[in-house]
Structures are given as structure tokens and as C-alpha cells.
Amino acid sequence: MKTTRAAVLAALVMAAACPGSAMATPSDATAGLFAPAQAPPTAKAVTAALSKVGASYASGAAGPDAFDCSGLTMWALARAGTSAPHSSFAQYAMGSAVSRSDIRRGDLVFFDSFGAGASHVGIATSSTTAVSATNHGVMTHPIFDAYWGGHYVGARRPS
């Protein structure tokens, strides 16, 4: 049975008008219909990382005033309730692999810009941009421009 929006609204109006009626209890078809959408936990990580744009880079640092790349992602993911190791190589083993064409806000993106393999990590802010701690500090940058695209290794979706 397909429930239309008009039918749901009519049931809710009737339930409000007749609180003692059977209509006052939402059915499985209407339960949660108007619940607000929950943001994924990684949305908090993106917001946290973006709040640090302009912070200094320091090798081995994990905030709150200076970061290295994996320190920033570790710190930001912790704000979203997800633990991560302080190593881009170890973070590359987290979650599930994501194809280049399926990168979403909150995915970890990896580059070989500081040596072979996943030597640099950032957090995708969209399908084409990321925030990461570089030698120039925490900054946003494209994922697939001439520089970063040439060093792209892969992406992972934290779980």
C-alpha cells in the first residue's frame, strides 16, 4: 500500500484533533516520515578540519595549533567519534576503498607527495576538493589538479 503525503498529513491532522482515537498512533508507514535527516559522522570531521585552515604544519603534530597530515585527519575524525592512527599509511588501511568517481565529503584521500605510497592524507570536502596539512600549513586544495592529481593514490571511507 502506497502512502501519499496528503494521506499522511490528513492522518496527522485527524490525530491532533482526536487524541484518543486510533489515528493518534503513527503506523509503520508514517513513523519517522518527518524525522530530520542525520548528517553522517564524517560531516563533523570535515567541519573540524576546515576550522583549522591556516594552522601551522609541524612534523608529528596532532593539534590543536599545528598538525602534520595524519595528525589533522586523526584529530578531525576524533571530533566525529572515530579513532584513527597517527600515520597516513595506517589510515590507508581504514574503512573501505572508494573509487575516484565516488569520492564524497568526509572520505580520506591519499597522495604519494611525501614518498612512495600513501604518504599524505587529507579529508575530502567535496568530490573534487580536500583539506589537509601541507608544508605550507592546513589548507584546502583540489584533489585532481596537475599537482595533487599526479600524486593521487586512492580514497577510503571511514567506518
Side-chain angles (χ1 to χ4, degrees), residues 2-5 8-9 12 26 28-159:
K2 186 175 179 182
T3 304
T4 66
R5 183 179 174 102
V8 171
L9 289 173
L12 291 173
D28 288 341
T30 60
L33 190 63
F34 298 102
Q38 293 287 332
T42 52
K44 288 182 182 179
V46 173
T47 300
L50 287 171
S51 77
K52 293 303 179 176
V53 168
S56 299
Y57 174 86
S59 182
D65 299 319
F67 298 89
D68 67 6
C69 66
S70 62
L72 176 66
T73 53
M74 179 180 76
W75 180 87
L77 286 168
R79 299 309 156 285
T82 300
S83 63
H86 194 170
S87 160
S88 58
F89 296 100
Q91 289 178 11
Y92 193 60
M94 291 176 52
S96 56
V98 176
S99 71
R100 190 178 190 136
S101 62
D102 193 34
I103 293 173
R104 291 190 283 203
R105 183 176 173 88
D107 290 342
L108 298 179
V109 289
F110 297 87
F111 307 89
D112 64 2
S113 56
F114 294 111
S119 58
H120 184 77
V121 61
I123 299 178
T125 56
S126 74
S127 62
T128 60
T129 59
V131 58
S132 68
T134 72
N135 287 337
H136 303 288
V138 178
M139 60 190 288
T140 60
H141 57 82
I143 298 172
F144 302 114
D145 69 355
Y147 177 78
W148 292 102
H151 291 282
Y152 179 79
V153 172
R156 307 286 295 182
R157 187 156 298 142
S159 47

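In what follows, residues are counted from 1 in the order of the sequence shown.
Considering every non-hydrogen atom in both Ser127 and Ile143, the closest pair reads O-CD1, 4.0 Å. Contact detail for Lys44 and Ala80: the closest heavy-atom pair is CB-CB, 3.9 Å. The heavy-atom pair separating Gly149 from Arg100 by the smallest distance is O-NH2, 4.2 Å. Considering every non-hydrogen atom in both Pro85 and Ala90, the closest pair reads CG-CB, 3.4 Å. Between Met94 and Thr82, the shortest heavy-atom distance links the atoms CE-CG2, 4.4 Å. Shortest non-hydrogen contact noted between Gly122 and Ser132 is CA-CB, 3.7 Å.
Counting heavy atoms from C-beta on, the side chains of Leu108 and Pro158 come closer than 4.5 Å. For the pair Val121 and Tyr92, the minimum side-chain heavy-atom distance is 4.5 Å or more.
In this view, Ala78 satisfies the side chain to side chain contact (heavy atoms under 4.5 Å, CB included) rule with no residue, not counting sequence neighbours. Checked against side chain to side chain donor-acceptor pair (under 3.5 Å), Asp145 has no partners two or more places apart in sequence or in another chain. Taking the side chain to side chain contact (heavy atoms under 4.5 Å, CB included) definition, one finds that Ala49 meets it with Leu72, Ala76, Ile123, Val131, sequence neighbours left out. Checked against salt bridge (charged side-chain N to carboxylate O under 4.0 Å, His left out), Arg157 has the following partners two or more places apart in sequence or in another chain: Asp102, Asp107. Among residues two or more places apart in sequence or in another chain, the ring-ring contact (aromatic ring centres under 6.0 Å, His included) test is passed with Trp148 by Phe111, His120, His141. Under the rule for a side chain to side chain donor-acceptor pair (under 3.5 Å), the partners of Ser99 that lie at least two apart in sequence or sit in another chain are Ser101. For Ser126, the side chain to side chain contact (heavy atoms under 4.5 Å, CB included) criterion is met by Thr128, Thr129, not counting sequence neighbours. With sequence neighbours left out, Thr73 forms a side chain to side chain donor-acceptor pair (under 3.5 Å) with Gln91. With sequence neighbours left out, Phe144 forms a ring-ring contact (aromatic ring centres under 6.0 Å, His included) with Tyr152. Applying the side chain to side chain donor-acceptor pair (under 3.5 Å) test to Ser119 and every residue at least two apart in sequence or in another chain returns nothing.
Sorted by first then second residue, the salt bridge (Lys or Arg N to Asp or Glu O under 4.0 Å) pairs that include residues 75-90, not counting sequence neighbours, number zero. Applying the side-chain hydrogen bond (donor to acceptor under 3.5 Å, both in side chains) test to pairs two or more places apart or on separate chains, those with a residue in residues 52-72 are Asp68-His86.
Between the Ser88 side chain and the Ala118 main chain, a donor and an acceptor come within less than 3.5 Å of each other.
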